[in-house]
Enquirer: 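Sharing a structure with you now.
What's counted below: heavy atoms across the whole structure, side chains too, no hydrogens, waters or symmetry copies.
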Amino acid sequence: MRMSRHFGHTLREFPTEADTPSHALLLRGGFVDQLMAGVYSFLPLGNRVRLKIERIVREEMDRAGGQEVRLPALQPIELWEQSGRKAGMGDVLFQLRDRKERGLALGPTHEEVVTRLFKDHAQSYRDMPVTLYQIQTKFRDEARPRGGLVRVREFTMKDAYSFDLDDDGLDESYRAMFQAYRRIFARCGVPTLPVEADSGAIGGKGSQEFIFLTEHGEDTIVFCDACDYAANTEKAEFVRPPAVEGDPLAIEEVETPGITAIGDLTTFLGVEARQTAKAVFFMATPGQGAPFPIFAVVRGDLEANEVKLAAALGGAEMRAMTDAEVEAHGLVAGYASPIGAPEGVRVVADLSIPRSPNLVAGANREGWHLRNVNYERDWSAATVADIATAQAGHECARCGGALGLGRGIEMGHVFRLQQVYTAAMDVTVQGADGEAVRPTMGCYGLGVERVMSAAVESHHDEAGIAWPASIAPYDVIMVGIGLDRDEEARQDADALYEELQAAGLEVLFDDRDERPGVKFNDADLIGVPVRLTVSSRNHKAGVVEVKVRKGNAEAETVARAEVIAHVQAHRERLLSALNVDDVERLARNRPAERTDA
RNA sequence: CGGGGCGUAGCUCAGCCUGGCAGAGCGCUGCGUUUGGGACGCAGAGGCCCGCGGUUCAAAUCCGCGCGCCCCGACCA
């Protein structure tokens, strides 16, 4: 492409709406344009990057045995009612009506559609296992779009779905996808870490997220500094700090006027936070059925984790109780006690509670607490589970190392769905023995634009983007200088432009009538991996200057006849650096971005 | 949905407090000079000052109601 004909301009100043480097650079370089909150147009440069990422995703999906399909974005609402997710998705689901007033939805994901497709076309065990995938636009009416391309309302997602006869088969399909994901992120130059994750509203058991670590991330990740355990904080296991041991003592009431927070309580009574029990109230809404009140109890040195709590209750939707609800359920804010919790309120205790004797807890009476409350002797919970959040400094459950926290963005997520959807939509195939078998599913999502964003986030400098060679909009950029004053040099530049393309390279030729500084700066900003400088001066010397964008090494002077081989050698070297080992090492070795938030 | 910030030229912003001709820099167009890291001169084009209503002789400016965008939180397969 000749830049004089290229659509889209760079901006000299940073647009103010962007607050992350990736968003700012993509806007400034003319890759994307915002149409409204969470909705972007892709200009030619951005679109080329998107297509490159999609190509890598396709290659790896195909290599892993996936078959590409195309599923509709426009879907009948009944499908969502059938799976029971219409309510669970809530306002995130874009809904509309056709001219006949039929309810429709724009697909936020495609489990329902693909399960239906499978049901219509797979009849026996001979049709399995099978993994279907697609690269499609998804629509989600996010409560708050943010972070440029990170959380948007319309985006490109690769989603894959595996169908197996049993869980061993599912494990195999899952592993194949897991490996494909590692290869995809490595090839795209995006350092990601697989972490244990909650499976959330999508359902199923066992899932991992591929996390790109960045301070701008919206997820909190827990890492072990000794072993390779890493998990989303929504899921992370940890060893509770030890309790203050002692034989159970007699309960006593103690007056604590105006003392409702743990911090005040410990000061007032002269005890440690881990010698107290903290009560937090939630309303839980199960997939089917009415909301019910939850009385969650964690030790005072820990924080209750809503997502873990929801998981412990079988995937109910959780929200904090309003003050009115607290009162209506007979709970005394600040002084609630698990002993004699009101009728109908479900008590859920964290693992830390049963093993910690003589805790201070509320007395269910304004202005009073109880000392020496002991689990089992004095009260018990309907459920005891891991419902507390791991914090920096906690002990790793696997190896005893110290846990640290970091921020990250989810690039992809792989789930073992099992039979959640095949059961909801009553899918069976005929087994070898003639009996009906309920297939077990996996699903595997990946955000294309998020990968693009993360690639910029991890490959840029003060001058602009330095794209990984695999997904750069062009392989090489030719900067022409003074060509309009030297006809011979111009003809040679045109010839080189043709030769590079004939050699299979994607070339951007800056033939604009601009000053050299403008062209060099634009080349740095756009971030094409290899830059050639062709000028009157170089032409007379029979050379071309070659500069690699990444690392900003000095330009080399290369004989005109050897330029193409030289460019290809650089390209191959850059591509070979994008392997799983090297890129994952980068992901693991970024202490600067592990914040103890 | 709660809290905060902001809407003026393609971009970055001033003007608003204290009402009186709609501005600057960059970018864009033309001409000339220039030409190896964001040149210079001259001449231009470009605006529903987010929208609606109100106050006023007069509103970008004051008041009210909306809408939009960004950030924090809630939420987030």
Enquirer: Output yes when at least one side-chain N/O atom of A:R151 is less than 4.0 Å from OP1 or OP2 of B:rC76, else no.
Expert: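 Negative; the distance criterion is not met.
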
Enquirer: Out of B:rC13, B:rG73, B:rG36, which has the shortest distance to the side chain of A:N538?
Expert: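 From the listed options, B:rG36 comes nearest.
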
Enquirer: Hey, what are the protein-to-nucleotides 4-6 of chain B N/O distances that come in under 3.5 Å?
Expert:
none

Enquirer: What's the CG-C1' distance between A:L35 and B:rG68, to the nearest Å?
Expert: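 Going from CG in A:L35 over to C1' in B:rG68 covers 12 Å.
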
Enquirer: Below 4.5 Å, heavy atoms only, C-beta onward: do A:M157 and A:H110 meet side chain to side chain?
Expert: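 The answer is no; the side chains never approach within 4.5 Å.
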
Enquirer: Only pairs with both distances under 3.5 Å count, Watson-Crick or wobble alike; so what is the partner of B:rC69 in this structure?
Expert: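 Base-paired to B:rG5.
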
Enquirer: Looking at A:S535, I'd like to know whether one of its side-chain N or O atoms comes within less than 4.0 Å of OP1 or OP2 on B:rG36.
Expert: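 Checking A:S535 against B:rG36: no side-chain N or O falls below 4.0 Å of OP1 or OP2.
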
Enquirer: Tell me whether the side-chain N or O atoms of A:R512 pair up with the base of B:rG38 as donor and acceptor below 3.5 Å, since no angle test is needed here.
Expert: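 No.
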
Enquirer: Taking only residues two or more places apart in sequence, or in another chain, which ones meet A:E487 in a salt bridge (Lys or Arg N to Asp or Glu O under 4.0 Å)?
Expert: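 By the salt bridge (Lys or Arg N to Asp or Glu O under 4.0 Å) rule, A:E487 matches A:R490.
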
Enquirer: Return no unless some side-chain N or O of A:T16 is found under 4.0 Å from OP1 or OP2 of B:rC70.
Expert: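 False: A:T16 side-chain N/O out of range (4.0 Å or more) of B:rC70 OP1/OP2.
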
Enquirer: Check whether the side chain of A:E545 and the base of B:rG36 form a donor-acceptor pair under 3.5 Å.
Expert: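 Per atom types, the contact qualifies.
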
Enquirer: Any idea which of B:rC69, B:rC71, B:rG36 is nearest the A:M36 side chain?
Expert: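 Comparing B:rC69, B:rC71, B:rG36 against the side chain of A:M36, the answer is B:rC69.
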
Enquirer: Side-chain N or O of A:R485 less than 4.0 angstrom from OP1 or OP2 on B:rU35?
Expert: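 For A:R485, the contact criterion (side-chain N or O under 4.0 Å from OP1 or OP2 of B:rU35) is not met.
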
Enquirer: Name the nucleic acid region contacted by A:Y444, choosing base, sugar-phosphate or nothing; use a 4.0 angstrom heavy-atom cut-off, strictly under.
Expert: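 If one applies the 4.0 Å heavy-atom cut-off, A:Y444 turns out to touch nothing in the nucleic acid.
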
Enquirer: So which one's nearest nucleotide on RNA chain B is more toward 5', A:D513 or A:P15?
Expert: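 Counting from the 5' end, the first nearest nucleotide belongs to A:P15.
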
Enquirer: Could you measure between the two P atoms, the one in B:rC50 and the one in B:rA9, and give it in whole Å?
Expert: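 Going atom to atom, P in each nucleotide, I get 8 Å.
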
Enquirer: Rounded to whole angstroms, how far apart are CE on A:M157 and P on B:rC76?
Expert: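 Value for this atom pair: 16 Å.
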
Enquirer: Please determine, for the side chain of A:R531, which listed nucleotide (B:rC75, B:rG37, B:rC11) has the closest atom?
Expert: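 The listed nucleotide nearest to A:R531's side chain is B:rG37.
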
Enquirer: Please check this pair: side chain of A:R319 against backbone of A:F282, looking for a donor-acceptor N/O pair closer than 3.5 Å.
Expert: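 Between the backbone of A:F282 and the side chain of A:R319 there is no qualifying donor-acceptor contact (under 3.5 Å).
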
Enquirer: Which nucleotide sits closest to the side chain of A:K547: B:rG38, B:rG37, B:rA74?
Expert: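 Looking only at side-chain atoms, A:K547 lies closest to B:rG37.
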
Enquirer: Between B:rC70 and B:rG27, how many Å separate the two P atoms, rounded to a whole number?
Expert: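 These two P atoms come out 28 Å apart once rounded.
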
Enquirer: To the nearest Å, how far apart are A:E514 CD and B:rC40 P?
Expert: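 Going from A:E514 (CD) to B:rC40 (P), I get 13 Å.
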
Enquirer: Expressed in angstrom and rounded to an integer, what is the separation of A:E17 atom CD from B:rC71 atom P?
Expert: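 Taking atom P of B:rC71 as the reference, CD of A:E17 is at 9 Å.
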
Enquirer: The side chain of A:R12 is closest to which nucleotide in this list: B:rC69, B:rA39, B:rG27?
Expert: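 Minimum distance to the A:R12 side chain belongs to B:rG27.
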
Enquirer: Please confirm whether the backbone N or O of A:M1 pairs with a side-chain atom of A:Y474, one donor and one acceptor, at under 3.5 Å?
Expert: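 Not a single qualifying donor-acceptor pair exists.
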
Enquirer: Over all strands shown, is A:D219 touching base, sugar-phosphate only, or nothing at heavy-atom distances under 4.0 angstrom?
Expert: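 Result for A:D219 = nothing.
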
Enquirer: Contact class for A:G147 vs. all strands (heavy atom < 4.0 Å): base, sugar-phosphate, or nothing?
Expert: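 Sugar-phosphate contact only - A:G147 comes under 4.0 Å of backbone atoms but never of a base.
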
Enquirer: Is the side chain of A:R140 donor-acceptor paired with the backbone N or O of A:P108 at a distance under 3.5 Å, no angle test?
Expert: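 The answer is yes, because a donor-acceptor pair under 3.5 Å joins these two groups.
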
Enquirer: Among B:rG73, B:rU12, B:rC69, find the nucleotide with the atom closest to the side chain of A:R144.
Expert: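 Among the listed nucleotides, the one closest to the side chain of A:R144 is B:rG73.
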
Enquirer: Within the 4.5 Å heavy-atom criterion, are A:K158 and A:E54 side-chain neighbours or not?
Expert: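 No, every pair of side-chain atoms sits at 4.5 Å or beyond.
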
Enquirer: If we check side-chain contact (heavy atoms from CB on, under 4.5 Å) with A:K235, which of these qualifies: A:E196, A:E209, A:K308?
Expert: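 Filter result, single survivor: A:E196.
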
